[in-house]
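Taking it in order: structure first as structure tokens, then the write-up.
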Amino acid sequence: MSKQHNTGFLAMVDAAKSRVREITIEQYNAHQAPCVLIDVREDLEWQKGHLPQAMHIGKGVIERDIESKVQDKQQTLILYCGGGFRSALAADALQQMGYSDVLSLAGGYTAWVNAGLPVVQD
């Protein structure tokens, strides 16, 4: 069963997506340039499984912690969450902080798992 999102949240996500670039799983897998993959989901979601090579910085603390984790604001950052909504919001915030190459993984972790791609479990 898919989660129903509230209209206010969806409006905020739609606005963020109008300012943020999304990348598909296929584009991510073909991406050649160095990038930092960031999982913005909650701690319990991360512990149940995450993408290989991902760094975990939850959406609730990413604005506070990103500059100590990734100092280079030109570094390509690819963010993902469960379905691509929270990552779009976080990407929008990072762009406002001066990060110039931030992408959101369309479909997030759910799309990754549904594609049968590998995950890491802690």
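Basis for what follows: all heavy atoms, side chains included, without hydrogens, waters or symmetry-related copies. Numbers here are sequence positions counted from 1.
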Steps toward side-chain contact (heavy atoms from CB on, under 4.5 Å) verdict (I66, M97)
CA-CA 10 Å; I66 189 65; M97 292 177 67; 3.8 Å; yes
Side chain proximity check, W112 to N29, heavy atoms < 4.5 angstrom
yes
Against L94, only a single residue in V70, V20, I62, L89 fulfils side-chain contact (heavy atoms from CB on, under 4.5 Å); can you say which?
I62
Taking M55 as the starting point, is it possible to reach L51 by hopping between hydrophobic residues whose side chains are less than 4.5 Å apart?
no
Measure the acute angle between the ring planes of F9 and H5, then classify it against the limits of 30° and 60° as parallel, tilted or perpendicular.
tilted
May I have the step-by-step check of side-chain contact (heavy atoms from CB on, under 4.5 Å) for E67 and K73, ending in yes or no?
CA-CA 8 Å; E67 291 173 311; K73 291 194 174 185; 3.0 Å; yes
Test applied, side-chain contact (heavy atoms from CB on, under 4.5 Å); reference residue, V102; option that passes from D92, T76, I38, L77
L77
Any cation-pi pair here, R41 with Y80, using under 6.0 Å and within 45°?
no
Between E22 and L103, does the side-chain contact (heavy atoms from CB on, under 4.5 Å) criterion hold? Intermediate values first, please.
CA-CA 5 Å; E22 286 189 295; L103 301 116; over 6 Å; no
Residues E42, K59: salt bridge by 4.0 Å N-O rule:
no
Taking E45 for the side chain and C81 for the main chain, is one N or O donor matched with an acceptor at less than 3.5 Å?
no
Measure the shortest side-chain to side-chain distance between K69 and I57 over non-hydrogen atoms and say whether it is less than 4.5 angstrom.
yes
